[in-house]
Amino acid sequence: MAQDASITGQPGTVEGLDGVVADWSGDKQAFPVPWGKAMMWIFLLSDTFIFSCFLTSYMNVRISTTATWPDPSKVFALNIGGHEIPLLLIAIMTMVLITSSGTMALAVNYGYRRDRAKTTALMLATAALGLSFVGMQAFEWTNLIVHEGVRPWGNPMGAAQFGSAFFMITGFHGLHVSAGVIYLAVIARRVWTGFYDRKGSYETVEVTGLYWHFVDLVWVFIFAFFYLW
Amino acid sequence: MNDVTASETAHEHKALETAGHGHAEGQQHPLGIYLWIWGLLFVFSTFSYMVDYFQLHGLLRWTLIILFMLVKAGLIVAIFMHMRWERLALKFAILIPPLALLILIGLMAIEGMHTFITRWGAFVR
């Protein structure tokens, strides 16, 4: 009978590997989750491939160049009181993004508890942290372009590919953060006006959270491969 | 009169159903787990920053950076994005396709090294 479960089993009821077969062969909805969540996951999967292509091409140019690669530890150092502290701004940006991921996780939780005020406040806090992240990135870009002379086609510190890889990868990520801030603001407004109470479901807040956590997730990889490498 | 009461009770019942059941309402978990993961993400971020701050080099640096990166990514996907509590079918659909990227990374690494050797031979040597 256990074998039959994969053939006769209803999607969403059988567990383990048999459950995979039952869900895929159920001849109806494969994923027993709200369609918005399934679609967001599939979008994030495609986004994973985009960012991976950027990071892989960065790896490729970094391996293939015969010029020395500028030392990110020095390029992104911040001078505070006469001391060069390596990667300080990047460390702060990382912490800000993690904090925003935390507030977002709590927002999703309070959404399911139907706490409108807390959900709105936490989503707006998340958006504000995202905005400050973009602000710090603008500062970093300005510093690199104006003071360090980094251009997409070259820089005074070494391999010419440094600039194009940096602007492409962090720019695309910053674009995602900016879009996320707008997305968060729109959904937070809907939470506040009681849209999801009328709809009877706060799943949209969780779907928004998926997007936001993904932005944090991508930063984890950029931080490791671009800044620490 | 009777009709109104009946429909009111039905309405109340429906409201109770949607508000009461954790799983009917999607992903609901104790707040504590989020705070824990939040703290761990801070700790591991600090660790990976320390790798750079203390200027560790060579194999130790790469092992630590990749390790902390994977731990952080795992925590975000599993807990914050609730993947841990999703059905296996969704887990497979989302987590297996990115493995194809390992092939791309491997091929591009080989190609990059080939280009490096060619350039080195032609321009540097």
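Every chain is numbered from 1, with letters handed out A, B, ... down the list of sequences.
- For the 3.5 Å distance criterion, the side chains of A:Ser73 and B:Gln55 qualify, holding a donor opposite an acceptor.
- With values rounded to the nearest 0.5 angstrom, A:Tyr202 atom OH is found 12.5 Å from B:Gln28 atom CD.
- Considering only heavy atoms from C-beta on, A:Tyr110 comes within 4.5 Å of B:Leu31 through its side chain.
- Taking both residues in full, the closest heavy atoms of A:Ala105 and B:Tyr34 are given as CB-CD2, 3.6 Å, listed atom of the first, atom of the second, then distance.
- Of the atoms belonging to B:Ile66, it is side-chain heavy atoms, and not backbone ones, that fall under 4.5 Å from chain A.
- B:His57 NE2: more than 12 foreign heavy atoms inside a 6.0 Å radius.
- The structure places OG1 of A:Thr56 at 8.5 Å from CE of B:Met108, a figure rounded to the nearest 0.5 Å.
- Heavy-atom pairs under 4.5 Å with chain B peak, among A:Ile98, A:Val20, A:Thr65, A:Ile90, at A:Ile98.
- With a 4.5 Å cut-off on non-hydrogen atoms, A:Trp212 does not touch chain B at all.
- Atom OG1 of residue A:Thr94 and atom NZ of residue B:Lys72 lie 6.0 Å apart, to the nearest 0.5 angstrom.
- Among the candidates A:Thr48, A:Leu87, A:Val108, the residue making the largest number of heavy-atom pairs closer than 4.5 Å to chain B is A:Leu87.
- Nearest approach of A:Ile63 to B:Met113, heavy atoms of both residues: CG2-N, 3.5 Å.
- Between A:Phe225 and B:Met69 there is a side-chain heavy-atom pair separated by less than 4.5 Å.
- The choice from A:Met104, A:Lys37, A:Glu15 that makes the most heavy-atom pairs within less than 4.5 Å of chain B is A:Lys37.
- The side-chain heavy atoms of A:Met95 and B:Ser45, taken from C-beta on, include a pair separated by under 4.5 Å.
- Considering every non-hydrogen atom in both B:Asp52 and A:Pro86, the closest pair reads OD2-CB, 3.9 Å.
- Across all their heavy atoms, B:Phe92 and A:Leu17 have their closest contact at CE2-CD2, 4.1 Å.
- Distance check: B:Ile94 CD1 to A:Phe31 CZ gives 6.5 Å after rounding to the nearest 0.5 Å.
- Neither the backbone nor the side chain of A:Leu97 comes within less than 4.5 Å of any heavy atom of chain B.
- For chain B, the nearby parts of A:Thr103 are the backbone and the side chain; heavy atoms of each come within less than 4.5 Å.
- In this structure, the portion of A:Met59 lying under 4.5 Å from any heavy atom of chain B is its side chain and not its backbone.
- At a 4.5 Å heavy-atom cutoff, the contact between B:His82 and chain A is made by side-chain atoms alone.
- Counting heavy atoms of neighbouring residues, nucleotides and ligands inside a 6.0 Å radius, atom OH of B:Tyr53 does not exceed 12 of them.
- Note that the CG atom of B:Leu107 and the CG atom of A:Asn60 stand 10.5 Å from one another [nearest 0.5 Å].
- In terms of heavy-atom pairs under 4.5 Å with chain B, the best-connected choice from A:Pro34, A:Ser101, A:Gly209, A:Pro72 is A:Ser101.
- Residues A:Leu217 and B:Val77 are in side-chain contact: their nearest non-hydrogen atoms beyond the backbone lie under 4.5 Å apart.
- Remark: B:Leu99 CG is packed, more than 12 non-hydrogen atoms of other residues, nucleotides or ligands lying under 6.0 Å away.
- For A:Val61, no part sits under 4.5 Å from any heavy atom of chain B, backbone or side chain.
- A:Thr66 places a side-chain heavy atom less than 4.5 Å from the side chain of B:Phe116.
- For a residue to count as touching a neighbouring chain, one of its non-hydrogen atoms must lie under 4.5 Å from one of that chain's; by this rule B:Thr118 does not touch chain A.
- The shortest side-chain heavy-atom distance between B:Trp38 and A:Thr99 falls under the 4.5 Å cut-off.
- Listed here is the closest heavy atom pair of B:Ala93 and A:Leu45: O-CD2, 3.8 Å.
- Residue A:His213 comes nearest to B:Phe80 through the heavy atom pair CD2-O, 3.4 Å, listed as atom of the first residue, atom of the second, then distance.
- For the pair A:Leu88 and B:Tyr49, the minimum side-chain heavy-atom distance is below 4.5 Å.
- Side-chain atoms of B:Arg87 never come within 3.5 Å of backbone atoms of A:Pro32 as a donor-acceptor pair (strictly under, hydrogens ignored).
- Using a 4.5 Å cut-off between heavy atoms, B:Ile76 contacts chain A through its side chain alone, with no backbone atom that close.
- Between B:Gln27 and A:Glu203, every side-chain heavy-atom pair lies at or beyond the 4.5 Å cut-off.
- Summarising the geometry, atom CZ belonging to A:Phe221 is positioned 6.0 Å from atom CG belonging to B:Leu70; distances are rounded to the nearest 0.5 Å.
- Per-residue heavy-atom pair counts under 4.5 Å with chain A were compared for B:Thr115, B:Leu101, B:Leu88, and the maximum is reached by B:Leu101.
- Most heavy-atom pairs under 4.5 Å with chain B, from the set A:Leu106, A:Leu44, A:Leu228: that is A:Leu228.
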